[in-house]
Structure formats: C-alpha cells, structure tokens
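Okay, so here's the structure we're looking at.
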There are 2 protein chains.
Amino acid sequence: MFRQSNLGERLDSAVSCLSPAGSAPFAALVALEQIGGRRSYQQDEEIYGELDPADCWYKVVSGTVRICKLLADGRRHIAEFCFAGDCFGIDLGRERLFSAEAVGDVTVMRFPRGATERLIDEQPELARHICDMALRSLAHAQSRMLLLGRMTASERVAHFLLELAERRDARRFVDVPMSRNDIGDYLGLTIETVCRVLSSFRREGTIAIPTPHRIELCDRDALEAAGEG
Amino acid sequence: MFRQSNLGERLDSAVSCLSPAGSAPFAALVALEQIGGRRSYQQDEEIYGELDPADCWYKVVSGTVRICKLLADGRRHIAEFCFAGDCFGIDLGRERLFSAEAVGDVTVMRFPRGATERLIDEQPELARHICDMALRSLAHAQSRMLLLGRMTASERVAHFLLELAERRDARRFVDVPMSRNDIGDYLGLTIETVCRVLSSFRREGTIAIPTPHRIELCDRDALEAAGEG
DNA sequence: CGCCAGTTTGACCAAGATCAACGCAAGTGG
DNA sequence: CCACTTGCGTTGATCTTGGTCAAACTGGCG
C-alpha cells in the first residue's frame, strides 16, 4: 500500500507533504522500530483477510506481498505489490477492505495501531510523515488508474516491467517474484494476454526471458516507447 | 482529489487516521478559512494545468471540478470529480501532474501552500486531518482501480450513478453536471458505450432520463445488482 | 428558421477474453 | 532411475465486449 516508506532504512527519501524537506524525527522512528514485532509467512499464506480487524500495520522486511480483493464471481484484483521497505495495512476503518498475502516467503514487521497512535501523540511530526506516505501512495494510485482506464495491454505490461525495474533498483535483469496470474490481476488483463505481450516483446528483441521469473531488459528505449511515447 | 473533506463545513465527519475519533482543531480550521481567497471560473476554464507550480490547494465552494490528464495521442483520463466541500490540488511535488478544470461554472477557495505549512507548524493536529483525507482518498482510489481494472461497462456505469447519488445526497433524481464525454473518460469507456449502457438501463426500467443531465433512479436494487451482485 | 454542440443509435471492427491444447520443470512414488 | 503427476507458462483458434465510424436526433440560440 505505502511505497518507499520514509520510516526506517529509507529515511533519506523523506519529503514532507506540505512542508519543505525537513529533518526526520529520528527519535520517534527508532521508537517505532522498537514497538514492532517480526513475523514470517510462507508462500501464498494470508497475512490478513478482508473483514479482519485493522488493528495493526506492517512493513515488509523481505519478500513480496500482494494486496488484493476477490469479487463474488471469482474475479480478482491486485491493488498493490509491496517489496522490502514498503509499508502496508494502514487503513482508516475498523475492518480490512482488502486482504494481504505472501507472494513468496515473506518476513514483515508488525506494528500495533494503538502503540503507533500513542507515539504520534508524543511525536506529532510522525503524522506528517504518514501524510507524506499517503500522498505518495495516492499519486501512485492515480497513475495506476490512468493505466487501467486508458492504456492498451502492451502499454500496461511495458509500464509494469519498468516500474518493477525501478522499484527493485534493477538495471538490466529484473526478477519477477509474482506469477503471470498475479501480473494479470494487477494490470487488469488475463494471464494469456500477459504471456502474449511478453512473447511479442521477446520476438521484437525488447526483452529476453531466461526463466519465467527473470526478465532481461534488452532495449529499454523500446520498452519506454511501448509504454506510451 | 480529496473527497468529503473534514475541513470547514464537514467537520462532523472527522475521523482521525490512526487515532480514535477526536475533537477537531476548530481554531486551526477557522484560521485556515481566513487564509483562503475566493475565486470563480467559467465553464471549461482551467484552474491549473499540468506542470503548473503546485503552490496552493483548493476547496470547492460550488460547482464541479474535474481533475484530468491528457495523453500525447489525445486520450484523456479523468482521475476525479470534485463537488462542493471537496478539496483538491494537495500535491507532493513542486509541479502539477494533473490539470483541474471547471465542469460548469465553479467557485473555489484557494489556499496558499506556504501559509498552510505555517499553520500546520502551529497546529500539528492539522497534519492528522490531512493524513485522514489522504487515506480516505486512497481508499476511494483503490475502489476505482478495481472498477477500472475488473468491471464491465454496465457495472462501471451503475457504480457511477450510485456514487453520484450518494455524494450529492440524491434519493431519486440525480443531476449529472458533466458531459457524457467526461463520464466516459472517468470510467475508462467511450462516450458511445456510456450512452448505450444508459439507454439499456432505461429500456429495462432501471432508470429514466428526463434530460441528459438529470437521471431518475427508478429501481435502485436493480442498479445495485448491475453494479456487481 | 437553420446552425451548432452534445447525445443517441446503428453497422462494423478489433483488442483482448475465453476455451483448449501443449510444453516444461519440479516433485513423487515405484 | 524412470514413469507419472502436477502446476505453471506458452501458444493457437474462436468469440465477445466494447471501440470506431457514421448518421440521425435534440434542444438552445442567433
């Protein structure tokens, strides 16, 4: 849900939402890390489900988490993938609207909501940082709405690969922890369409696919052009 | 962008993001209202454009605003409609990523970013309220991603009508300030598809369309069923 | 009255979904 | 070690939804 958190190891990227870049409240962040508990989940294990009480939030230590929703007729939508350093599960309501599942094996930090609230009371600057995360997340959600509402299958897949490369700091070889099915449900496409587009990129020499979960970006310019130019 | 703002006349709906519902910082909000200036725009006038400096944010007093983006090849995407009471233009970056335009004649309050920042410094609880708005907005964005990624044309239009009715507190007659084109760009559909779906709802007796900008919800249950049941 | 912009409807088309088969690598059990 | 299974990924054939193109309709206005 929240990408590129400023809490913890990504302090450097802190940009306050409505204020000029200020100093991060280190003391509060250290305290935050201390109230969190570590937990691990196996492949496809549920971290929380829809309608579960939203009494805590999480930060990914290692692995990949998918935030998703299942419709009555079986259609599935993945709202977000969370990688190491990302926060998720910061919800307004009392209950979860989405579920969170481990894509592979995953380790997370779990922060109780109550303790976080008390910490915010002591360190009000924390609210600004959560605000910042929320606004950053919102900007990401908006570019995803554009993608889902107005882009073709090729554009979506190209964007996905470039986003993946950027978020995982990959220059040429991107590893793809999630299944083709997950990619489809993230991009609003079927698994077959995802495969076909990847194959067509491969035929054109834009990418290579040494294994299904490892993709080489051979021609980044072509990929960027395919992702709308 | 931000719906159902807690600032100003909607104080009653305040729910803090990570804290139990607390009392709103009235003094700060009153101060906020005082730093805002009123401005009016005519039909289709641009309030701000992409790449304009993001040096202020707005609150709709009356009328409807669309937040949108134009792609190079002419495709357009509408991220959000803002009605009276909604805030928009609270962005992280230095420049706008979307533009804001008046759907009809519009009056807004305009708040300079610098003054708001100073106010937040004095009244740190304000950050929590902005955080709350951002999280609420994020939840809305996520349900819109689900709609754009996984729902059929009929489901999208049904959802749209129900959302419009709810946000404008309409029981039976909903007025639709935006054009069919705007609706299409909001739902990721063409204008023709929007028309066709509306006509099919009309033929089935689910709705009536006395004028293109006024729709009667004749059978709410059928509409809710059409919006995924 | 005729023009104009927005809306509606129809005929046709294409992108992507669906259905089905096949490939391939990792287990599993004899 | 090898047959068999299983789960995912890939590819092909066909179909459907919604897009495209075009024409008719509507109400407001000079």
Side-chain angles (χ1 to χ4, degrees), chain A residues 42-44 66 71 73-77 103-105 147-161 175-204 207-215 226 228, chain B residues 42-44 64 66 71 73-78 103-105 147-161 175-204 207-215 226 228:
Chain A
Q42 293 178 344
Q43 166 128 240
D44 292 324
R66 61 172 174 259
L71 295 183
D73 58 4
R75 282 176 289 181
R76 190 180 67 150
H77 171 70
V103 168
D105 290 356
L147 180 135
L148 293 170
R150 281 286 173 238
M151 296 211 168
T152 65
S154 308
E155 290 169 338
R156 295 182 200 199
V157 173
H159 262 256
F160 174 74
L161 292 176
D175 62 341
V176 182
M178 64 291 287
S179 70
R180 297 290 187 263
N181 222 317
D182 285 345
I183 298 174
D185 288 343
Y186 182 65
L187 296 179
L189 300 171
T190 59
I191 174 176
E192 293 96 329
T193 301
V194 172
C195 277
R196 270 187 262 271
V197 172
L198 285 173
S199 296
S200 85
F201 285 163
R202 177 170 43 68
R203 273 192 298 276
E204 291 160 6
I207 63 171
I209 312 178
T211 84
H213 292 281
R214 188 164 183 77
I215 291 181
E228 233 284 293
Chain B
Q42 295 177 342
Q43 166 129 238
D44 294 323
T64 304
R66 61 173 174 258
L71 295 182
D73 58 4
R75 283 177 289 181
R76 190 181 66 151
H77 170 71
I78 294 184
V103 168
D105 291 356
L147 180 135
L148 293 170
R150 281 288 173 237
M151 295 209 169
T152 65
S154 308
E155 289 170 338
R156 294 182 200 199
V157 174
H159 262 258
F160 174 74
L161 291 176
D175 63 340
V176 182
M178 65 291 285
S179 70
R180 297 289 186 263
N181 221 318
D182 285 345
I183 298 174
D185 289 343
Y186 181 65
L187 296 179
L189 299 171
T190 59
I191 173 177
E192 293 95 330
T193 300
V194 172
C195 277
R196 269 188 266 272
V197 171
L198 286 174
S199 295
S200 85
F201 285 163
R202 178 169 45 68
R203 272 192 298 276
E204 293 160 5
I207 63 171
I209 312 178
T211 86
H213 293 282
R214 189 166 183 77
I215 291 182
E228 232 285 293

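None of the values given here were measured: they were computed from a predicted structure. Lettering of chains follows the sequences in order, A, B, ..., and the numbering in each one begins at 1.
Once rounded to the nearest 0.5 Å, the distance linking CG of Asp182(A) with CZ of Arg180(A) reads 11.0 Å. From Leu71(B), atom CG reaches atom CD of Glu155(A) across 7.5 Å, with rounding to the nearest 0.5 Å.
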* To do: Start with the C-alpha gap between Val197(B) and Leu189(B), add the side-chain angles, then the distance that decides, and say whether side-chain contact (heavy atoms from CB on, under 4.5 Å) holds.
  => CA-CA 11 Å; Val197(B) 171; Leu189(B) 299 171; 5.7 Å; no

* To do: Quick one: do Arg66(A) and Met178(A) satisfy side-chain contact (heavy atoms from CB on, under 4.5 Å)? Show the steps, please.
  => CA-CA 9 Å; Arg66(A) 61 172 174 259; Met178(A) 64 291 287; over 6 Å; no

* To do: Starting from the C-alpha separation in whole Å, work towards a yes-or-no answer on side-chain contact (heavy atoms from CB on, under 4.5 Å) for Arg75(B) and Asp185(B).
  => CA-CA 8 Å; Arg75(B) 283 177 289 181; Asp185(B) 289 343; over 6 Å; no

* Checking side-chain contact (heavy atoms from CB on, under 4.5 Å) for the pair Ile183(A)/Val176(A): CA distance, chi angles, key distance, verdict? -> CA-CA 9 Å; Ile183(A) 298 174; Val176(A) 182; 3.9 Å; yes

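Map Ile209(A) and Arg150(A) each onto its nearest nucleotide of DNA chain D; the residue landing nearer the 5' end is Ile209(A).
Atom CD1 in Ile215(B) sits about 13 Å away from atom C1' in dT8(C), given to the nearest Å. Following rounding to the nearest Å, Leu187(A) (CG) and dA15(C) (P) show an atom-to-atom distance of 19 Å. The distance from atom CG of Leu198(A) to atom P of dC8(D) is 17 Å, rounded to the nearest whole Å. A straight line from CZ of Arg203(B) to C1' of dT8(C) spans 10 Å, rounded to a whole angstrom. Residue Asp44(A) contributes atom CG, which lies 12 Å from atom C1' of dC8(D) at whole-angstrom precision. Spacing between atom CG of Asp73(A) and atom P of dA17(C) amounts to 15 Å, rounded to whole angstrom units. To the nearest angstrom, P of dG27(D) lies 17 Å from CZ of Arg214(B). Protein atom CG of Asn181(B) is 12 Å distant from nucleotide atom P of dT20(D), rounded to whole Å.
Minimum atom distance to the side chain of Arg180(B) is reached by dT8(C), of the listed dT10(D), dG18(D), dT8(C).
Side-chain N/O atoms of Arg202(A) include one lying less than 4.0 angstrom from OP1 or OP2 on dT11(D). OP1 or OP2 of dC8(D) has not a single side-chain nitrogen or oxygen of His213(A) nearer than 4.0 Å.
Residue Thr152(B) is in sugar-phosphate contact alone, with no base atom involved, counting any heavy-atom pair closer than 4.0 Å across all strands shown. Residue contacts shown for Arg156(B) are absent, as no nucleic acid heavy atom lies under 4.0 Å away. Residue-level contact check: Gly188(A) touches the backbone only, with heavy atoms under 4.0 Å from sugar-phosphate atoms and none from bases. At the heavy-atom level, Arg75(A) lies nowhere under 4.0 Å from the strands shown.
Annotation: proximity of residues 189-197 of chain A to DNA chain D (heavy atom, distance under 4.0 Å) is found for Glu192(A), Cys195(A), Arg196(A), numbered in ascending order.
Taking every heavy atom of both residues into account, Leu148(A) and Tyr186(A) meet most closely at CD2-O, 4.0 Å.
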